Protein chains: 2
Amino acid sequence: MLSELLAHIGKFVNLNTREENLLTEHFTNTGLNKKEYLLKEGQVCKHNYFVAQGCLRMFFINEKGTEQITQFAIENWWINDTMSLIKQTPSEFSIQAVEDSKVFCLHKDAQQILYDKVPSFQQYMHSVEQHAHAAAQMRMKYLYSYSKEEHYINFIQRFPEFAQRVPQYMLASFLGFTPEYLSELRKKLT
Amino acid sequence: MLSELLAHIGKFVNLNTREENLLTEHFTNTGLNKKEYLLKEGQVCKHNYFVAQGCLRMFFINEKGTEQITQFAIENWWINDTMSLIKQTPSEFSIQAVEDSKVFCLHKDAQQILYDKVPSFQQYMHSVEQHAHAAAQMRMKYLYSYSKEEHYINFIQRFPEFAQRVPQYMLASFLGFTPEYLSELRKKLT
DNA sequence: CGCGGGTTTGATGATGCTCAAGCCCGGTGG
DNA sequence: CCACCGGGCTTGAGCATCATCAAACCCGCG
């Protein structure tokens, strides 16, 4: 059942069969239809989510009442509202399926149990978090470096698949500008 | 020697004397004068740094040739170039002292050894990274939510100490605008 | 066929940058 | 103790980038 996840873990550490079984016992899995929610703003985030198939987005509602996307997650990405997860406070974000998706869910308590029983899983998660941290630092660097236009060009070069997979207005939201401006850019760049 | 760090760790987990000694053995410490470097762009980042006293900044040089600050670190903050640390590639950032500072340095190899020998230290570091991740998510949210003016107002309200401690032009750089515009804002907001 | 979500177009205007100059003030050398 | 740097902060004019708003358009789906 966890094949996608086990394959991903296998890239970082080795697990024996007993350990794989332990993991399988402590995860749950969910199928999501497009537009279904994993987490809604105001709920407390209790799980860490691994995307096995499909695409999720994380967003919040800004003061103008429009959705603001802060993150996407596709195959082999983990996603959660970390602040809500750590402090068990109401989430300021929602997580929703952009496409029909398959997700593995790890409850925070199950995660703690697994850490105690399967050290190499802890090692794996540690490595995942380090990569997330590194990615966040690079993302900040890009934000400081580029104009919105450069930002767009850069993004579609580095993630060409994405430009296909998600609607333009979500891309615009994620990149921090309006659909109108994105449209203008696209026109200009042909 | 590690008193500030041990005190900070003590807020999250408990260490016995033996464990504290192990930590002491595996850290080194450095005193830094204002403007001294811990890491220069192009070097490989080999340490994780804990600020015991003082203030550091992390920055890179953008295409216009000006310094762009992405992060500060004051007492009880950890700082590193995570990408460089993970992949052992040349760093794209520099880390420099803003004030005379005292820093504890943990070499990546020593870190691995400590993880094996002192599980609660690993737990502590895990918690530190989770907080960093949560902070990064919130920072992104702020970036999407606020105009530069709101951003400035927000920052000085949430970190009033900072506005005193670092020169204006560094604040402006960190907040992502020009010293001229910051000056304009300050005038307007009195 | 018609509806509605998503994209495009264009006019207008605010936000925040650039550049050039002046000012303030603390440190340094005479 | 004074004079003079020079770094940092301020001021102002002009300008680029990007948002807003309103309207039209396109196209897949019921």
Side-chain angles (χ1 to χ4, degrees), chain A residues 33-37 55 57 59-70 72 96-100 140 142-156 162-190, chain B residues 33-36 55 57 59-70 72 96-100 140-156 162-190:
Chain A
N33 293 323
K34 190 171 167 171
K35 301 211 174 171
E36 266 190 89
Y37 286 86
C55 178
R57 66 182 183 130
F59 67 92
F60 67 97
I61 308 291
N62 63 22
E63 48 276 24
K64 283 161 215 142
T66 64
E67 294 176 355
Q68 182 56 65
I69 299 176
T70 59
F72 290 107
Q96 189 198 34
V98 175
E99 310 167 351
D100 296 350
M140 284 309 307
Y142 289 138
L143 280 176
Y144 280 116
S145 299
Y146 299 134
S147 71
K148 308 247 159 172
E149 178 175 341
E150 291 169 321
H151 218 226
Y152 171 69
I153 295 172
N154 232 272
F155 186 84
I156 54 172
F162 242 95
Q164 317 306 86
R165 256 176 111 163
V166 309
Q168 303 290 339
Y169 76 97
M170 286 193 190
L171 240 186
S173 173
F174 176 71
L175 292 174
F177 43 79
T178 59
E180 291 94 328
Y181 189 58
L182 177 54
S183 176
E184 206 170 306
L185 285 181
R186 282 164 54 79
K187 182 180 167 192
K188 183 173 154 193
L189 297 174
T190 45
Chain B
N33 293 322
K34 191 172 167 171
K35 302 209 173 171
E36 265 190 89
C55 178
R57 67 184 183 128
F59 67 92
F60 66 96
I61 307 292
N62 64 22
E63 48 275 24
K64 284 163 215 138
T66 64
E67 295 176 355
Q68 182 55 65
I69 299 175
T70 60
F72 289 107
Q96 187 197 36
V98 175
E99 311 166 352
D100 295 352
M140 285 310 304
K141 189 181 173 192
Y142 289 138
L143 279 177
Y144 280 116
S145 300
Y146 300 134
S147 70
K148 307 245 161 174
E149 177 174 340
E150 292 168 321
H151 218 226
Y152 171 70
I153 296 172
N154 232 271
F155 185 84
I156 53 171
F162 243 94
Q164 318 306 87
R165 254 174 113 165
V166 310
Q168 304 289 338
Y169 77 96
M170 287 194 188
L171 240 187
S173 173
F174 175 71
L175 291 173
F177 42 79
T178 58
E180 291 93 329
Y181 189 58
L182 176 54
S183 178
E184 209 170 304
L185 285 180
R186 282 163 55 79
K187 181 179 166 190
K188 184 174 154 193
L189 297 174
T190 45

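In this text the structure is predicted, and so the values were computed from the model without any measurement.
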Participant: Grab the CD-C1' distance between B:E149 and C:dC17 for me, whole Å please.
Facilitator: 16 Å
Participant: Whole Å only: how far is the CD atom of A:E63 from the C1' atom of D:dT20?
Facilitator: 15 Å
Participant: To the nearest Å, how far apart are A:Q168 CD and C:dT9 C1'?
Facilitator: 16 Å
Participant: Is a side-chain donor or acceptor of B:N33 paired with a backbone partner of B:D100 at a separation under 3.5 angstrom?
Facilitator: no
Participant: Taking the side chain of A:E180 as heavy atoms from C-beta outward, which of D:dC21, D:dA19, C:dC17 is closest to it?
Facilitator: D:dC21
Participant: Measure NZ/A:K188 against P/D:dC18 and give the value in whole Å, please.
Facilitator: 8 Å
Participant: In terms of the nearest nucleotide of DNA chain D, which residue is placed more toward the 5' end: B:L182 or A:Y146?
Facilitator: B:L182
Participant: To the side chain of A:Y169, which of D:dC9, C:dG6, D:dA19 is closest?
Facilitator: C:dG6
Participant: Would B:K141 and A:F60 count as a cation-pi pair here, with the cationic atom under 6.0 angstrom from the ring centre and within 45° of the axis?
Facilitator: yes
Participant: Specify whether A:F177 and A:Y181 have parallel, tilted or perpendicular ring planes, treating 30° as the upper limit for parallel and 60° as the lower limit for perpendicular.
Facilitator: perpendicular
Participant: Rounded to whole angstroms, how far apart are CD on A:E150 and C1' on D:dC18?
Facilitator: 14 Å
Participant: For the side chain of A:R186, starting at C-beta, report the closest nucleotide among C:dT8, C:dT9, D:dC18.
Facilitator: C:dT8
Participant: From the set D:dT20, D:dT10, C:dT8, return the single nucleotide nearest to any side-chain atom of A:S183.
Facilitator: C:dT8
Participant: Calculate the interatomic distance between B:Y181 atom OH and D:dA16 atom C1'; express it in whole Å.
Facilitator: 15 Å
Participant: From the set C:dG10, C:dC17, D:dT11, return the single nucleotide nearest to any side-chain atom of B:K187.
Facilitator: D:dT11
Participant: Of the candidate nucleotides D:dT20, C:dC17, C:dT18, which contains the atom at the shortest distance from the side chain of B:F177?
Facilitator: C:dC17
Participant: Is there a ring pair (Phe, Tyr, Trp, His ring centres under 6.0 Å) between A:F174 and A:F155? Walk through the geometry before answering.
Facilitator: CA-CA 11 Å; A:F174 176 71; A:F155 186 84; 5.7 Å; yes
Participant: Between B:T178 and C:dC17, does any side-chain N or O lie under 4.0 Å from OP1 or OP2?
Facilitator: yes
Participant: Quick one: B:E184 CD to D:dG14 P, roughly how many Å, whole number?
Facilitator: 15 Å
Participant: Quickly work out the A:K34 NZ to C:dG5 P distance and round it to whole Å.
Facilitator: 13 Å
Participant: Choosing from D:dC9, D:dT20, C:dT7, which nucleotide comes nearest the side chain of A:K64?
Facilitator: D:dT20
Participant: Is the backbone of B:S173 close enough, under 3.5 Å, to the side chain of B:Q68 for a donor and an acceptor to pair up by distance?
Facilitator: yes
